[in-house]
Visitor: 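Below you will find the structure I want to go over with you.
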Amino acid sequence: MNKILINLSSFWFNIKRMLKIAIETDSKLAFWYYFSVGFSAFGYIIVAVLVTKLIDLLTLSQKLPHDLNLAYIILLFLGVRYLLNFVSTFFRYTLGETYCDFLFRYKLQNFISFRFYQKLSTLDVQHLEDPEVLDLIARSKDTMLWRLPDFLRSLNYFFRNLVGVIFSFILLAPFGIQYPIFILLSVVPICIFKIKYGNIQWSLYGSGAPQVRKLWYFVDLLSSRSALRESKIFQSSSALLKKYRETQDYLLELNTRPLRHNLIFSTLLPIIEVITIFLIAKTFLPSVFAGAMTVGSFILLTQLADSLLSQSEGLIFDLSYLYTNNLFIDHYFDVLSLKKLIHQKTNPVVFDSISPPLIEFKNVSFHYPNSEPVLNNVSFTIHPGENVALVGENGAGKSTIIKLLCRFYDVKSGQILINGHDIRDVDLNQWYKFIGTLFQDFVQYHFTIKENIALGNPEKNSEKEIIESAKKSGAYDFIKNLPHGFDTPLGREFKDGHELSGGQWQKLAISRAFYEAPPLLILDEPTSAIDAEAEFEIFNNLEKTYKDKSLILVSHRFSTVRNAQKIIVLEKGKITEIGSHDELLKHKAKYAQMFHTQAVGYQS
């Protein structure tokens, strides 16, 4: 019983939340969307009453064939009947189910998707690295654009059927209150089954969410150019297709099970309807034969009984579909309600100017959720305008230091100081104006080249600086040879898009960094896809541009690392060496070992 009450409470809560979204999307359109179907439901019942009155009047006219007044009344009833039917049809189909439904659904999908992606853009990196949150996002993204609008559409149908049930019950009650009650009781088994069926259908997407995510992963994998190229060489297509088919079969079985139950139920439903109507009709036929009930009243009775039965069943179907969609709606609102993990103080520290900062790591230790320590008692200082490189094997903690400096995570112990202030006390929005980042997995924006570079600083609008940034990164050499220069669209996603090589994309990403020109630039393997000659030129330009600014470089290529003023060597989350390239070579420890190993590889 408690579970049912909790479910009903959640259901009612989601109805209020979805109606709030409907009003926020377009309040006037939402009003007409629901009013049109409610009015049409009422109109059709009045039409049914008018038709029965017409039948009685026509029966009476046979007894009074020369009564002209009666003929005019019949014509009046007939005119009102067709007028009301036209108005009801217009409100239901033309206005409600065509114009309002299409326009409202389109606006609703835009509103829902914009709010969803707006929320994703504000999520902390911790959320985006949490498998449970990623599953929740996947479940919501896969269903939100049809489940949420369908919820409001079902609510629309529910409202229409509710109006029909209420008026049918009221008009049927004078024939005997037991008859409408009997009809309503006959649909109770339907209600029970639909609630059960709704739970089964939800389990397909709820418990099977990781498999749904895996299915979409296989779709992307089996259609991407890089994966298709690799699978040809490794001849791995059969193995991937086998995994894809296994995932398909698993989800198909989950989906088929509830459909078998529904097939049996759908067969029994029409039988229940016929039996119910026949039992009621049989009760009143003797009165019709005896003349105690007019033909029109009998037809009205059967029409109202049929209307009450069909609309009650429609009400149950709408309710069950609302209940099913309700379970999916939770996913969407669960994403929107994800709480901030990185908190900012009410009155954060705001610096007077945006200039190269003094950065101090003091006894910093850190571990990711449910994992072993990644950093252990790490301390170092980066002075304003200093060029620093982080060196170490994979898993040494280099990327974690960058994430902490970007405040994607907070330290578990110790402090990170920015100009003497704990980074947790600093205004985060202002801090992001201090830093620019170029990660190894940078984004390839399928926009024009000009738009790609301008994303480095959207608030700036300088075509001169865009060109200068491209020259510094070495991208200008290939841009000038493209058909439309800086206005050339990139990527194969859209028509006439030009595809770049890996090195060209990386140069374009470096152009963004030059265009932003932040006081502190963080580069994570920035030239991994670029040849040595181009790399040398880029770093010469970086040294000129960042002569009075701070630069943090993460790289495995010692040709880029050796020019740093300070090199920090990490091993298993601890700093083992700090110094310049020459100092560390003299030290003859881990750095010297890694450098000579790489140098031997080049020499051989």
Side-chain angles (χ1 to χ4, degrees), residues 114-130 133 137 335-362 364 366 381-386 388 399-412 414-439 441-443 445 447 451-462 465-466 469 509-524 545-546 548-552 554:
F114 184 85
R115 177 172 284 188
F116 179 80
Y117 292 112
Q118 185 181 48
K119 177 65 180 181
L120 291 192
S121 70
T122 63
L123 287 182
D124 294 309
V125 171
Q126 294 181 56
H127 283 312
L128 302 176
E129 294 181 352
D130 184 338
V133 173
I137 290 170
V335 171
L336 295 189
S337 62
L338 286 169
K339 297 185 183 301
K340 293 288 292 181
L341 300 175
I342 300 297
H343 299 285
Q344 186 167 280
K345 289 197 171 182
T346 307
N347 296 306
V349 174
V350 178
F351 298 112
D352 294 332
S353 63
I354 297 176
S355 57
L358 172 66
I359 300 169
E360 298 172 89
F361 273 60
K362 290 193 170 184
V364 170
F366 178 79
T381 301
I382 299 176
H383 296 283
E386 197 168 26
V388 176
S399 295
T400 300
I401 286 175
I402 301 303
K403 288 179 181 179
L404 293 175
L405 190 55
C406 293
R407 212 185 161 204
F408 293 161
Y409 292 85
D410 280 332
V411 299
K412 299 301 179 183
Q415 278 184 307
I416 299 174
L417 301 181
I418 308 298
N419 293 335
H421 298 278
D422 193 308
I423 194 172
R424 289 167 290 194
D425 298 333
V426 173
D427 185 287
L428 199 54
N429 290 327
Q430 193 196 37
W431 174 234
Y432 287 149
K433 292 179 180 178
F434 275 79
I435 60 178
T437 57
L438 174 58
F439 295 110
D441 55 345
F442 59 87
V443 181
Y445 296 102
F447 304 141
E451 290 169 332
N452 259 273
I453 297 173
L455 283 171
N457 189 342
E459 295 177 3
K460 195 193 298 185
N461 185 20
S462 172
E465 287 188 50
I466 288 174
S469 299
I510 294 170
S511 299
R512 277 199 295 277
F514 275 117
Y515 184 70
E516 182 185 13
L520 169 62
L521 181 61
I522 301 169
L523 301 172
D524 184 359
T545 304
Y546 276 82
D548 300 317
K549 297 179 181 180
S550 299
L551 185 66
I552 299 177
V554 178

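Treat the numbers as computed from the prediction; the structure is a model and nothing was measured.
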Visitor: Tell me the closest heavy-atom pair linking Pro519 and Lys549, and the distance in Å.
Guide: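 Shortest heavy-atom contact: O-CB, 3.4 Å.
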Visitor: Taking side-chain hydrogen bond (donor to acceptor under 3.5 Å, both in side chains) as the definition, give me every residue that meets it alongside Asp422, ordered by chain and number, with sequence neighbours left out.
Guide: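 Result, side-chain hydrogen bond (donor to acceptor under 3.5 Å, both in side chains) vs Asp422: Gln415, Arg424.
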Visitor: List for me each residue that meets salt bridge (charged side-chain N to carboxylate O under 4.0 Å, His left out) alongside Asp524, sequence neighbours excluded, and say none if there are none.
Guide: none
Visitor: Heavy atoms, side chains only, cut-off 4.5 Å: are Val426 and Phe351 in contact?
Guide: yes
Visitor: Out of curiosity, Phe116 CZ to Leu120 CG, how far, rounded to the nearest 0.5 Å?
Guide: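 One finds 4.5 Å between CZ of Phe116 and CG of Leu120.
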Visitor: Could you pull out the closest heavy-atom pair between Gly436 and Pro518, with the gap in Å?
Guide: N-CG, 3.4 Å
Visitor: Considering only heavy atoms from C-beta outward, does the side chain of Ile342 approach that of Val125 to under 4.5 Å?
Guide: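 The answer is no; the side chains never approach within 4.5 Å.
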Visitor: Mind checking the CZ-CG spacing from Phe361 to Leu417? Nearest 0.5 Å is all I need.
Guide: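 Spacing of CZ (Phe361) from CG (Leu417) equals 10.0 Å.
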Visitor: Please find the pair of heavy atoms, one from Asn457 and one from Tyr515, that lie closest to each other, and give the distance.
Guide: O-CE2, 3.7 Å
Visitor: Measuring only between side-chain heavy atoms, which start at C-beta, is Ile552 closer than 4.5 Å to Leu523?
Guide: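 Result no, sub-4.5 Å side-chain heavy-atom pair not found.
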Visitor: List in chain and number order the residues that pass salt bridge (charged side-chain N to carboxylate O under 4.0 Å, His left out) with Glu516, two or more places apart in sequence or in another chain; answer none if no residue qualifies.
Guide: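 Listed in chain order: nothing, the list is empty.
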Visitor: If you round to the nearest 0.5 Å, how far is CD1 of Ile453 from OG of Ser469?
Guide: 6.5 Å
Visitor: Report yes if some heavy atom in the side chain of Pro357 is under 4.5 Å from a heavy atom in the side chain of Leu520; otherwise report no.
Guide: yes
Visitor: Among residues at least two apart in sequence or on other chains, which ones pass side-chain hydrogen bond (donor to acceptor under 3.5 Å, both in side chains) with Lys119?
Guide: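 Lys119 satisfies side-chain hydrogen bond (donor to acceptor under 3.5 Å, both in side chains) with no residue once adjacent residues are dropped.
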Visitor: For residues Phe447 and Glu451, report the shortest heavy-atom separation together with the two atoms involved.
Guide: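 That would be CB-OE1, 3.1 Å.
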Visitor: For Glu465, check salt bridge (charged side-chain N to carboxylate O under 4.0 Å, His left out) against everything at least two apart and list the hits.
Guide: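 With sequence neighbours excluded, Glu465 shows a salt bridge (charged side-chain N to carboxylate O under 4.0 Å, His left out) to Lys460, given in chain and number order.
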Visitor: Testing the basics here: between Leu358 and His383, what is the closest heavy-atom pair and its distance to 0.1 Å?
Guide: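 Taking Leu358 first and His383 second, the nearest heavy atoms are CD1-ND1, 3.7 Å.
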Visitor: Please report the closest heavy-atom contact between Asn429 and Gln344, naming both atoms and the distance.
Guide: N-OE1, 4.1 Å
Visitor: Could you list the donor-acceptor pairs under 3.5 angstrom formed between side-chain atoms of residues 400-408 and any protein atom two or more places apart in sequence or on another chain?
Guide:
{"from": "Thr400", "atom 1": "OG1", "to": "Tyr368", "atom 2": "OH", "distance (Å)": "2.8"}
{"from": "Lys403", "atom 1": "NZ", "to": "Glu129", "atom 2": "OE2", "distance (Å)": "2.9"}
{"from": "Arg407", "atom 1": "NE", "to": "Asp410", "atom 2": "OD1", "distance (Å)": "2.8"}
{"from": "Arg407", "atom 1": "NH1", "to": "His343", "atom 2": "O", "distance (Å)": "3.1"}
{"from": "Arg407", "atom 1": "NH2", "to": "His343", "atom 2": "O", "distance (Å)": "2.8"}
{"from": "Arg407", "atom 1": "NH2", "to": "Asp410", "atom 2": "OD1", "distance (Å)": "3.4"}
{"from": "Arg407", "atom 1": "NH2", "to": "Asp410", "atom 2": "OD2", "distance (Å)": "3.2"}

Visitor: Using modelled atom types only, decide if a donor and an acceptor are shared between the side chain of Ser550 and the backbone of Pro356 within a distance under 3.5 Å.
Guide: no
Visitor: Apply side chain to side chain contact (heavy atoms under 4.5 Å, CB included) to residues Ile416 and Val411 and explain how you reach the verdict.
Guide: CA-CA 8 Å; Ile416 299 174; Val411 299; 3.7 Å; yes
Visitor: Just wondering, more than 12 heavy atoms not from Lys345 lying within 6.0 Å of its NZ?
Guide: no
Visitor: Roughly how far, to the nearest 0.5 Å, is CZ of Arg512 from OG1 of Thr437?
Guide: 10.0 Å
Visitor: Would you indicate whether the side-chain heavy atoms of Ile418 and Ile359 approach each other to under 4.5 Å?
Guide: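 The answer is yes, as the side chains (C-beta and beyond) meet within the 4.5 Å cut-off.
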Visitor: Indicate yes or no: at least one non-hydrogen side-chain atom of Ile510 is less than 4.5 angstrom from one of Leu438.
Guide: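 The answer is yes; the side chains approach within 4.5 Å.
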Visitor: Look only at the side chain of Asp425 and the backbone of Val349, and say whether a donor-acceptor pair between them is shorter than 3.5 Å.
Guide: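 Absent.
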Visitor: With a 3.5 Å distance limit and no angle check, can you tell me whether Gln118 reaches the backbone of Arg115 through a side-chain donor-acceptor pair?
Guide: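 Absent.
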Visitor: Looking at CG of Asp130 and CG of Asp124, how far apart are the two atoms once the value is rounded to the nearest 0.5 Å?
Guide: 11.5 Å
